[in-house]
Amino acid sequence: MKANITQAAPAPSSQAALPLQASPHPISSVPVSSAPAPAPVPAPAPAASQGSHGLSIEMLEGMLEQKPRDPNVWSALGALLRQAGKPEAAIACQRRALEIDQRHVGAWTNLGNVLGDVEQYADAIAAQEHAVVLSGGNANLLSNLVVALRHGCRFNRALEILDVALRARPNDPGLLWDRALTLLQVGRYAEGFRDYDSRLSLPSYQNRIADGTMWDGGPLDGKTILLTTEQGFGDVLLTARYAPMVKARGGRVLLECHPELHRLLSGLEGIDGFVRAGTPYPPYDVHCPLMSLPHRLGTTIDTVPPPTRLTVTAEAREKAARLVPGPDGTIKVGIIWSGRVTFKDNARRATTLSRFLRFLNVPNVRLYSIQKGPPETELETLGTSTLITPLGQHFNDFADTAAVLERLDLVIMTDSSVAHLAGSLGRPVWNLLQFMPYWVYGDGKGEWADTTPWYPSMRLFRQTTPGDWDSVFAAAEQALRQLVALRT
């Protein structure tokens, strides 16, 4: 079957948790056990009430009628309720299990998992520490503790636990992946990118991996390299800056690309041809996934290359001119309140349109919705399109979105691929971030507390308390009022 290649253009908080006791001594002093961790319930199954081992909510409820004081059944029921999206009921079931047996390891780690879901991170960490101590330092449970620590922004402690866990399982891809993400979050890029390829060995990795030799970052000497796409659109935009650096290694560079990004990347410097994502690969000598380029090209937090030029076509600009008026004395602000709804962490990073309505109270500001996808329907709740101009329906690809961004004075949004697009274009963008954001935005400390080395035109507004959007939006509104005052 012929590969689909095109030539590149010439380069131009929920329910409050009861207090939990932290572990009685440091986790690093607990011997790591080789015993398997309790597996209360397997991975989610298609039916919300059915587990992959044949367990169901109804079945467990029947079992509790016969054995109402069986902690195993209560914990299993809680795990299934968590899978079904019922965190409050899941928490209650785990607590019921622990009322019966305070030393039930599975109930403690299950409780920690669901407390993390509702962003009660301090109690989630305490529950996971309790599980680790009761288990004698079970290595599998250390992974759950690391996740809780990371989401609770206790990154240094997470690294300490990872050191313990990796001594027992030095080649575990899940632990290496957690370490990579944690190191990147605190700005230790050289070490973090070193472990970043561990994602390719995770069972949950869903992108296809090309066959053959993976590029090591050395000279290409005329060879053809295939850069394969992965993760979200934002990650492709993030790594597009590396294409010229790959080309400088002296080879022919092919880029796998989704149709939504093709026009935008058509003039990308350093690309000799494009392969449509999902089609058969053409002949190549070496390959490299896009998110492996920062490691191959030696990126540190001090050497992050600037975004590269993107292509905004004349057709896209003509459409944008019909959608967004030229200078008229107003401050034109684009808004986005949700990323792709199928992204597993979207519930934490996204919010609702209603929070953005406060910006309508700022004089001389006009709002334009550049939201795409199912969340667009929230605009209908306004009862009018005169307060917020809806634009998402007009976007066929990222080039259309880029052309509109060029005509806006500012974008205020929760994190998604458009934040990467605006940052890559050098447009002013205020990114409203969840408590533990994507590692690109760091840990909120030091030089990069309010900015990121990846996008100089981006300003960050962070949650300082898990789930607290009110203070984030208050800070953004105050900053918007200051901006308007300077311009009027």
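All of these numbers come straight from a predicted model, not from anything done at the bench.
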Is [Y] paired with [X] through a side-chain N to carboxylate O contact shorter than 4.0 Å?
X: Arg252; Y: Asp285; result: no
X: Glu315; Y: Lys319; result: no
X: Glu191; Y: Arg194; result: no
X: Asp450; Y: Arg462; result: no
X: Glu256; Y: Arg208; result: yes
X: Arg317; Y: Glu406; result: yes
X: Arg358; Y: Asp470; result: no

Just wondering, are more than 12 heavy atoms of other shown residues or ligands nearer than 6.0 Å to CD in Gln206?
no
May I ask you to check whether Ser338 and Asn346 show a side-chain donor-acceptor distance below 3.5 Å?
yes
Is a side-chain donor-acceptor pair under 3.5 Å present for Tyr441 with Asn431?
yes
Please check if the side chain of [X] supplies one atom and the backbone of [Y] the other of a donor-acceptor pair under 3.5 Å.
X: Glu119; Y: Pro466; result: no
X: Arg249; Y: Gly217; result: yes
X: Arg199; Y: Tyr196; result: yes
X: Asp400; Y: Ala316; result: no
X: Gln463; Y: Leu432; result: no
X: Trp215; Y: Gly218; result: yes
X: Lys332; Y: Gly326; result: yes
X: Lys247; Y: Gly251; result: yes
X: Asp272; Y: Val253; result: yes
X: Arg427; Y: Leu405; result: yes

Check the orientation of Phe461 and Trp430. Use parallel for under 30°, tilted for 30 to 60°, and perpendicular for over 60°.
tilted
Would you call [X] and [Y] a side-chain contact if the rule is heavy atoms closer than 4.5 Å?
X: Thr311; Y: Arg309; answer: yes
X: Arg296; Y: Tyr242; answer: no
X: Asp117; Y: Arg82; answer: yes
X: Leu433; Y: Tyr438; answer: no
X: Asp235; Y: Leu290; answer: no
X: Thr351; Y: Phe473; answer: yes
X: Glu230; Y: Tyr205; answer: yes
X: Thr224; Y: Pro283; answer: no

Evaluate the criterion side-chain contact (heavy atoms from CB on, under 4.5 Å) for residue pair Leu293 and Cys288; output intermediate values, then yes/no.
CA-CA 7 Å; Leu293 292 178; Cys288 188; 3.7 Å; yes
Which distance, rounded to the nearest 0.5 Å, do you find between the [atom1] of [X] and the [atom2] of [Y]?
X: Leu226; Y: Thr228; atom1: CG; atom2: OG1; answer: 6.0 Å
X: Leu264; Y: Leu237; atom1: CG; atom2: CG; answer: 6.0 Å
X: His394; Y: Lys372; atom1: NE2; atom2: NZ; answer: 10.0 Å
X: Arg169; Y: Leu175; atom1: CZ; atom2: CG; answer: 5.0 Å
X: Leu265; Y: Phe398; atom1: CG; atom2: CZ; answer: 10.0 Å
X: Leu159; Y: Arg188; atom1: CG; atom2: CZ; answer: 5.5 Å

Identify whether NZ of Lys or CZ of Arg in Arg241 sits under 6.0 Å from the centre of the six-membered ring of Tyr455 and within 45° of that ring's axis.
yes
Check [X] against [Y] and note the closest heavy-atom contact, atom names and distance.
X: Thr452; Y: Val440; value: OG1-O, 3.0 Å
X: Ile271; Y: Ala243; value: CD1-CB, 3.8 Å
X: Gly339; Y: Ala350; value: N-CB, 4.5 Å
X: Phe356; Y: Ile412; value: CE2-O, 3.4 Å
X: Gly192; Y: Ala180; value: O-CB, 3.4 Å
X: Pro244; Y: Ala240; value: CD-O, 3.9 Å

Report the residues that fulfil ring-ring contact (aromatic ring centres under 6.0 Å, His included) with Trp469, sequence neighbours left out, ordered by chain and then residue number.
none
Ring centers of Phe359, Trp337 separated by less than 6.0 Å:
no
Under the side-chain contact (heavy atoms from CB on, under 4.5 Å) test, which residues partner His151, sequence neighbours left out?
Tyr121, Val147, Arg348, Met436
Please step through side-chain contact (heavy atoms from CB on, under 4.5 Å) for the pair Val236 and His420, ending with a clear verdict.
CA-CA 9 Å; Val236 178; His420 295 268; over 6 Å; no
Check the pair Thr389, Arg366 against side-chain contact (heavy atoms from CB on, under 4.5 Å), reporting the backbone distance first and the verdict last.
CA-CA 8 Å; Thr389 305; Arg366 298 294 178 268; over 6 Å; no
Applying side-chain contact (heavy atoms from CB on, under 4.5 Å), run through Asp345 and Gln434 and close with a yes or a no.
CA-CA 10 Å; Asp345 202 35; Gln434 66 195 78; 3.0 Å; yes
Please name the residue in the list Asn138, Val132, Asn113 that meets the side-chain contact (heavy atoms from CB on, under 4.5 Å) test with Asn144.
Asn113
Residue of the set Phe193, Phe155, Trp448 for which ring pair (Phe, Tyr, Trp, His ring centres under 6.0 Å) holds with Trp439
Phe193
